[in-house]
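Let me begin by presenting the structure, written as structure tokens, before commenting on it.
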Amino acid sequence: MLRKRLQALSQILKITMLGVIVFSIVFALNHLNLSDYFPIKTVRVYGLNRVNQQEVQDVLYPMVEKGFFTINVDGIRNRLLQMPWVSDLYVRRIWPDQVIITLTEKKPIALWNETVLLSESGELFIPEQETYPSHLPKFTGPTGQQLFMLQYFKDINRLLLSLHVKISSLELTPFLTWKLTLDNGITLQVGYEDILARLNQFVKVYPKIVGDRANDVDCVDLRYPNGVAVRWKKMASNQ
């Protein structure tokens, strides 16, 4: 009987000592400045192109001062995602003193209503003006119609591949009529219905009615049910 009591008392003492040790470790960690012992010495950021490097440094500097164990990876990610050009990023720590950030930038596909960039995923964003790419196609359209226009832009450009031309500007009026200008200077009046069918017909007749005279063409009207009308630059200048 006494032996059992001694064994139970010994077990209680072991548990108590273990608790004291765990508490001591936790207490020590809470009062130890880990950033002094495990500081971040190297931060590498990959994927920067249009994102401002100095702005990234200004964001990261106070966030990586906390040290390897206390650095807030999610906080870094959330903060960098607020930058207009940043689409996605991955942050990881590498023992004992490195942080690696791999960043993906948004890919602009057009200039929306003269002031805003439209990404290939249909997102509108406004970065610093000096970071805007040059020679982007221009979209003009009603608010909220950017995804609709983006899909037509892709479909129309596919139709135009055989002509070796692309859209330089695309307009959707409030009445939902379409007008576009090609990168060879020709303007197309397409109307509001059968858009792709009309453009497909234009592609078929282009070699015969335009051919190598693209520089002489001012406008092509595709709104006729059984054909197209070509407006030549000489005719336009005489009116």
Side-chain angles (χ1 to χ4, degrees), residues 49-50 84-85 87-88 104-127 129 131-239:
N49 182 22
R50 298 190 182 277
W85 275 110
S87 174
D88 198 6
T104 302
E105 293 186 349
K106 295 169 185 173
K107 296 180 180 178
I109 199 167
L111 181 65
W112 173 260
N113 287 336
E114 298 293 340
T115 57
V116 183
L117 292 182
L118 176 65
S119 76
E120 64 177 1
S121 63
E123 179 185 355
L124 297 175
F125 63 106
I126 309 177
Q129 190 74 36
T131 65
Y132 279 37
S134 58
H135 310 300
L136 280 176
K138 296 180 179 181
F139 283 15
T140 303
T143 302
Q145 295 294 323
Q146 66 271 12
L147 288 175
F148 181 53
M149 292 185 67
L150 181 58
Q151 186 57 55
Y152 264 98
F153 173 79
K154 294 177 180 178
D155 292 341
I156 294 170
N157 266 338
R158 276 193 289 267
L159 285 175
L160 297 173
L161 276 175
S162 62
L163 302 182
H164 305 289
V165 295
K166 295 180 179 179
I167 297 171
S168 64
S169 70
L170 182 64
E171 180 180 354
L172 178 63
T173 72
F175 303 102
L176 301 184
T177 60
W178 293 85
K179 175 183 176 182
L180 59 101
T181 302
L182 306 179
D183 59 4
N184 62 4
I186 296 177
T187 297
L188 304 180
Q189 295 284 358
V190 189
Y192 65 91
E193 60 183 357
D194 301 325
I195 307 305
L196 297 181
R198 290 177 177 181
L199 284 160
N200 188 49
Q201 179 63 21
F202 167 74
V203 170
K204 290 180 179 179
V205 302
Y206 184 93
K208 294 181 179 179
I209 64 171
V210 178
D212 58 359
R213 298 185 60 193
N215 291 335
D216 298 327
V217 177
D218 179 54
C219 177
V220 179
D221 194 335
L222 310 181
R223 294 173 291 184
Y224 296 90
N226 299 313
V228 301
V230 180
R231 179 185 176 92
W232 301 92
K233 289 181 179 178
K234 288 183 180 180
M235 293 172 55
S237 63
N238 292 331
Q239 293 181 0

Sub-4.5 Å side-chain heavy-atom contact between [X] and [Y]:
X: Phe202; Y: Leu188; value: yes
X: Pro133; Y: Pro108; value: yes
X: Arg50; Y: Pro127; value: no
X: Leu196; Y: Tyr152; value: yes
X: Leu117; Y: Leu111; value: yes

Between [X] (side chain) and [Y] (backbone), is there a donor-acceptor pair under 3.5 Å?
X: Asp183; Y: Lys166; value: yes
X: Tyr132; Y: Ile126; value: no
X: Ser119; Y: Glu123; value: yes
X: Glu171; Y: Gly141; value: no

From [X] [atom1] over to [Y] [atom2], what is the distance, rounded to the nearest 0.5 angstrom?
X: Leu222; Y: Leu180; atom1: CG; atom2: CG; answer: 8.0 Å
X: Gln145; Y: Leu176; atom1: CD; atom2: CG; answer: 6.5 Å
X: Lys204; Y: Leu163; atom1: NZ; atom2: CG; answer: 12.5 Å
X: His164; Y: Leu182; atom1: NE2; atom2: CG; answer: 13.5 Å
X: Ser162; Y: Tyr206; atom1: OG; atom2: OH; answer: 10.0 Å
X: Glu105; Y: Thr131; atom1: CD; atom2: OG1; answer: 9.0 Å

Minimum heavy-atom separation for Pro84 and Phe125, please, with both atom names.
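Pro84 and Phe125 have their closest heavy atoms at O-CD1, 3.5 Å.
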Give me the atom names and distance for the closest heavy-atom approach of Asn157 to Ile167.
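Result for this residue pair: OD1-N, 3.1 Å.
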Among Val217, Val205, Ile186, find the residue that satisfies the side-chain contact (heavy atoms from CB on, under 4.5 Å) test when tested with Val230.
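In the set Val217, Val205, Ile186, the residue that makes a side-chain contact (heavy atoms from CB on, under 4.5 Å) with Val230 is Val217.
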Residue pair Val203, Leu199: steps toward the side chain to side chain contact (heavy atoms under 4.5 Å, CB included) verdict:
CA-CA 6 Å; Val203 170; Leu199 284 160; 5.6 Å; no
Can you tell whether the side chains of Asp218 and Lys233 come within less than 4.0 Å, N to carboxylate O?
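So Asp218 does not pair with Lys233 through a salt bridge.
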Going through the checks in order, is the side chain to side chain contact (heavy atoms under 4.5 Å, CB included) test met by Thr140 and Leu170?
CA-CA 6 Å; Thr140 303; Leu170 182 64; over 6 Å; no
Mind checking what makes side chain to side chain contact (heavy atoms under 4.5 Å, CB included) contact with [X], not counting sequence neighbours?
X: Pro207; result: none
X: Leu147; result: none
X: Gln146; result: Trp112, Leu118, Leu124

Step by step, would you call Thr173 with Lys179 a side chain to side chain contact (heavy atoms under 4.5 Å, CB included)?
CA-CA 8 Å; Thr173 72; Lys179 175 183 176 182; 5.9 Å; no
Arg198 vs Glu193, salt bridge (charged side-chain N to carboxylate O under 4.0 Å, His left out): CA-CA, chis, key distance, verdict
CA-CA 9 Å; Arg198 290 177 177 181; Glu193 60 183 357; 3.8 Å; yes
Using the ring centroid of each side chain, check whether Tyr192 and Trp178 are separated by less than 6.0 Å.
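No, ring centres 6.0 Å or more apart.
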So Ser168 and Lys138, side chain to side chain contact (heavy atoms under 4.5 Å, CB included) or not? Walk me through it.
CA-CA 6 Å; Ser168 64; Lys138 296 180 179 181; over 6 Å; no
